[in-house]
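To keep things clear, I will list the structure first and then write my remarks on it.
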Number of protein chains: 2
Amino acid sequence: MSMKGREVILGILQGGPHTGYEINDILQTRLSHFFDATFGMIYPTLKKLEAEKLVTKQQISQTDRPNKNIYTITKAGQAAFSKAISEPTSDEILKSDFLMHLYFSQDLPTEQVALFFKEEISRKEAKLATLQAQLATWLENGMTDRQQITFDYGIAYYTATLEVLKKAAKSIAS
Amino acid sequence: MSMKGREVILGILQGGPHTGYEINDILQTRLSHFFDATFGMIYPTLKKLEAEKLVTKQQISQTDRPNKNIYTITKAGQAAFSKAISEPTSDEILKSDFLMHLYFSQDLPTEQVALFFKEEISRKEAKLATLQAQLATWLENGMTDRQQITFDYGIAYYTATLEVLKKAAKSIAS
DNA sequence: ATGTACATGTAAGCGGTTACATGATTCA
DNA sequence: TGAATCATGTAACCGCTTACATGTACAT
């Protein structure tokens, strides 16, 4: 079994105490090319983790901004995380709704397929830009060599697939 | 919302009647780089689809092999599929347990990380080989130009990521 | 006026996973 | 003798999605 939201959140908290909002931010900017998270998953998971005593919550009252909860990993949490990270890795999974549409698009008009391409290319370019924009800040705040590999992987993945997409988009238009 | 198992199975049945076993085979060989399916999902989905009258079942008794059920899409099923395929496409999602391990691997010994790399490279090479091996048969049985793009995408994706992985594996070993 | 950043939560339910159960035939 | 191919299913459960609910401050 692969690492779930539970273990991923513990992993982020290993790097220091954070609020749910900050956890989401890290996930969206640095891990978004290989994990997808939403608040709907983050907050309930944090609650469960607290109930299991794998993290502790510190409530901070703020006047100008909404109150916040800062979560800190416990010893038990660190043990749970160490165990998870040592487990063998499982298969990578790619789910592409765009490729699925394309695969079964025989009865769709060219214009509609062209629109699907346009949208997928935009989304990927945006994702690539977000990742590239992160590099500077990330290097300043401390990026390990191993994390750099996950970054390179993301760049290569977006670059290679965008190239196929752009070539194909041209060919179907003609 | 993206296409779920339900719509994917309807899409395959648009191409002709099939058993659950055959549906799995198509999914594993031609769509495995952008969709993941298991029997645990296929059979229950087929059952629901039949209950909703989107497909019909024909039972075939066999003596030398297990009996089988051949499913055929109905008009209502075709309508449901047409609707689904016309919907806008949603974001691609990549889940990589390997990259997650790598991202959080600071406390793991080099040898263990090296093993993770080795396993991930093997898995990806196997996937790439399966896809490439399909090409000939697929072209014979009829492959649309649009399906060819999904194939090219898979090859590019595996090739580019394998390259990053192989380079990185060398660098961490030293 | 509109959007973005900050900030947290719940309830219902879906869609899939995991584990189990069965069994003949053919090929190496 | 073991593995692969053919072939189908169920039951329990989990993990996440979706939709909803709320509110301030600041910038454009």
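To the nearest 0.5 Å, the span separating CD on A:Gln59 from NZ on A:Lys57 amounts to 4.5 Å. One distance of note links CD1 of A:Ile121 with NZ of A:Lys118; it measures 10.5 Å at 0.5 Å rounding. To the nearest 0.5 Å, the span separating CD1 on B:Ile42 from CG on B:Leu27 amounts to 5.5 Å. Taking CD1 from B:Ile9 and CG from B:Leu49, the interatomic distance works out to 6.5 Å, rounded to the nearest 0.5 Å.
DNA chain C is contacted by B:Asp36 of residues 23-37 of chain B, taking any non-hydrogen atom closer than 4.0 Å. For residues 11-20 of chain B, proximity to DNA chain D is found at B:Thr19, B:Gly20, defined as any non-hydrogen atom under 4.0 angstrom from a strand atom. In the region residues 42-56 of chain B, proximity to DNA chain D at under 4.0 angstrom, judged on heavy atoms, holds for B:Tyr43, B:Pro44, B:Lys47.
B:Ile70 has its CD1 atom 13 Å from the C1' atom of D:dC6, to the nearest Å. One interatomic measurement links the two molecules: CD1 of B:Ile93 to P of D:dG15, which rounds to 18 Å at whole-angstrom precision. Atom NZ of A:Lys95 is separated from atom C1' of D:dT17 by 12 Å (rounded to the nearest Å).
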Inset, instruction - If a protein heavy atom is under 4.0 Å from the base, mark B; if only from the sugar-phosphate, S; if neither, -; do that for nucleotides 18-28 of chain D going 5' to 3'. - result: B----B-S---
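The ring of B:Phe81 has its center closer than 6.0 angstrom to the ring center of A:Phe104. Outside the 6.0 Å centre-distance limit, the rings of A:Tyr103 and B:Phe35 are not counted as a close aromatic pair.
For C:dC6, the OP1/OP2 oxygens have no side-chain nitrogen or oxygen of A:Asn67 closer than 4.0 Å. Proximity of B:Gln62 to the phosphate of D:dC6: no side-chain N or O atom is located under 4.0 Å from OP1 or OP2.
Donor-acceptor pairing under 3.5 Å is lacking for the side chains of A:Asp97 and B:Thr89. Judged by distance alone, the side chains of B:Gln106 and A:Arg146 never bring a donor and an acceptor atom under 3.5 Å apart.
With A:His33 contributing its side chain and A:Tyr157 its backbone, the two residues share no donor-acceptor pair below 3.5 Å. Proximity of a side-chain donor or acceptor of B:Gln147 to a complementary backbone N or O of B:Thr144 within less than 3.5 Å is detected.
Of the two residues contacting DNA chain D, namely B:Tyr71 and A:Arg6, the nearest-nucleotide position lying further toward the 5' end is that of B:Tyr71. Comparing A:Met3 and B:Gln59, the nucleotide of DNA chain D nearest to each residue sits closer to the 5' end for B:Gln59.
Between A:Glu120 and A:Arg123 there is a salt bridge, since at least one side-chain N of the basic residue sits less than 4.0 Å from a carboxylate O of the acidic one.
Listed by chain and number, the residues in a side chain to side chain contact (heavy atoms under 4.5 Å, CB included) with A:Leu115 are A:Glu119 (sequence neighbours excluded). Looking at residues two or more places apart in sequence or on another chain, you find a ring pair (Phe, Tyr, Trp, His ring centres under 6.0 Å) between A:Phe117 and A:Phe98.
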